[in-house]
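In this text, all values refer to a predicted model and were calculated from it rather than measured experimentally. In the text below, chain A, chain B and the rest are named by the order of the sequence lines, each starting its count at 1.
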Amino acid sequence: MIVLNNKKTLVIEPKPPYNFNATIFKPSHYPDPLSKYEAGKYWFPMRFKNKVYGIKMESLGTINKPKIKISISYKSNLSKNEMKEIIDELDYRLEFNRDISEFFRRFKNDKVLSPFIEKWYGMHGSCTHDLYGLLMVGVFLQNATVRRTVQMTEAMLKKYGTKVMFDGKEVYEFWKPEKMIKASETDLKALKVGYRTKLFIKLSETFVKEGIDESKLRKMPVEDAKKELMKLYGVGPETARILLHEALHHYDIFEHVSPWQQKIYSKLLFNKKLVPTEKIIEYVNSHWGEWSALATNYIWEDIFWRRKHGENIPWLEKEIRL
DNA sequence: CATCAGGGCCCTG
DNA sequence: CAGGGCCCTGAT
């Protein structure tokens, strides 16, 4: 367990429009102990350059005049340079300065998208984890229902993760891959992660021994990055999609739809029970081109938001089996 | 009770 | 390219 008692704060002004709540909190995500969210506030741990920090973000502004107070909790010392690097990293992970105005310009009158854009104006993609962390999430999601994913995530974090306490909150950060390499298979299996045991260990070995360079992956064209990710053992089209969209922030790729997503997109886009995935992919790409992933994110998160806020959507409930 | 598919992926034939 | 196996769970 790590307790972080020191704190430095600064205020940043993201490029407008920046919708803090919609960017930070994605209702479609499964509940996890990796962060805490309240309207306008967000806490999460960040392992960065071999140290763990506690990040608190508070929205002080509006969508068109965004302003965020960032507090960095740390253990013993935090240099000016370190602080700058952390802010730069957050800038990438949360898209403080990414210009997505073209998306709004192009689609504000789009027949399908316009209501979603109106409702969620200024929403970006975001991911507080690094590539390795999100990869672990991706593995938890494989071949499992939500309840099982939640259970595996909690069990693994409790045993191998780092509990981080700061600002009166308690959250978990993922283990270092170095630690996972040394984990015993018997111990892992006891956490009921099944075949994923092998994946956790193999993937961690790859990260440590081959030194997967996240910064390099961030700069690659999307298809190249995809090719690299698919080389990872246990990473197929769906896990690669998650990493490309969320950790690497690619809006310009939409070429895989898993079976449960297929049912949901069929309903949302065609109001039909089951449309072939090729049709869905073709539809999305031809309408929204290089903004496909952001466009579908607006539609996707909206329905989950409505569900979370008490709207009864029977056909959706059927697909989100807990 | 047994069987089976799942918010996939790998390997084999 | 199709199909079986992997782990566990809840649905049938």
Donor-acceptor pairs under 3.5 angstrom involving side-chain atoms of residues 226-237 of chain A: please list them, not counting sequence neighbours.
| unit_1 | atom_1 | unit_2 | atom_2 | d |
| --- | --- | --- | --- | --- |
| Lys226(A) | NZ | Glu255(A) | OE2 | 2.5 |
| Glu228(A) | OE2 | Lys231(A) | NZ | 2.9 |
| Tyr233(A) | OH | Lys198(A) | NZ | 3.2 |

Give every pair of a protein N or O atom and an N or O atom of nucleotides 6-8 of chain C that lie under 3.5 Å apart, one pair per line with the distance.
| unit_1 | atom_1 | unit_2 | atom_2 | d |
| --- | --- | --- | --- | --- |
| dC7(C) | O4' | Tyr195(A) | N | 3.1 |
| dC7(C) | O2 | Arg148(A) | NH2 | 2.5 |
| dC7(C) | N4 | Asn143(A) | ND2 | 3.0 |
| dC8(C) | O4' | Arg148(A) | NH2 | 3.3 |
| dC8(C) | O2 | Arg148(A) | NE | 3.4 |

Could you pull out all residues at least two apart from Phe44(A) that satisfy ring pair (Phe, Tyr, Trp, His ring centres under 6.0 Å)?
Tyr42(A)
Using 4.0 Å as the upper bound for N to carboxylate O, is an ion pair formed by Glu301(A) and Lys119(A)?
no
Please give, in whole Å, the distance from dG5(C) C1' to Gln142(A) CD?
14 Å
Positions of residues 232-243 of chain A (non-hydrogen atom under 4.0 Å from DNA chain C), listed by number:
none
Reading DNA chain B from 5' onward, which residue's closest nucleotide shows up sooner: Lys263(A) or Lys231(A)?
Lys263(A)
Applying side-chain contact (heavy atoms from CB on, under 4.5 Å), can you list everything that pairs with Tyr92(A), at least two apart in sequence or on another chain?
Arg218(A), Leu248(A), His249(A)
Quick check: does any side chain N or O of Asn285(A) sit under 3.5 Å from a backbone N or O of Phe254(A), one acting as donor and the other as acceptor?
yes
DNA chain C: stems of at least 3 consecutive Watson-Crick or G-U pairs, cut-off 3.5 Å?
B:2-6 with C:8-12, B:8-13 with C:1-6
Return the orientation label for the Trp300(A) and Tyr265(A) ring planes: parallel under 30°, perpendicular over 60°, tilted otherwise.
tilted
Is the side chain of Arg47(A) donor-acceptor paired with the backbone N or O of Val52(A) at a distance under 3.5 Å, no angle test?
no
For the residue pair Trp120(A) / Asn19(A), report whether a side-chain donor-acceptor contact shorter than 3.5 Å exists.
no
Given dG8(B), is OP1 or OP2 found less than 4.0 Å from the side-chain N or O atoms of Ser258(A)?
yes
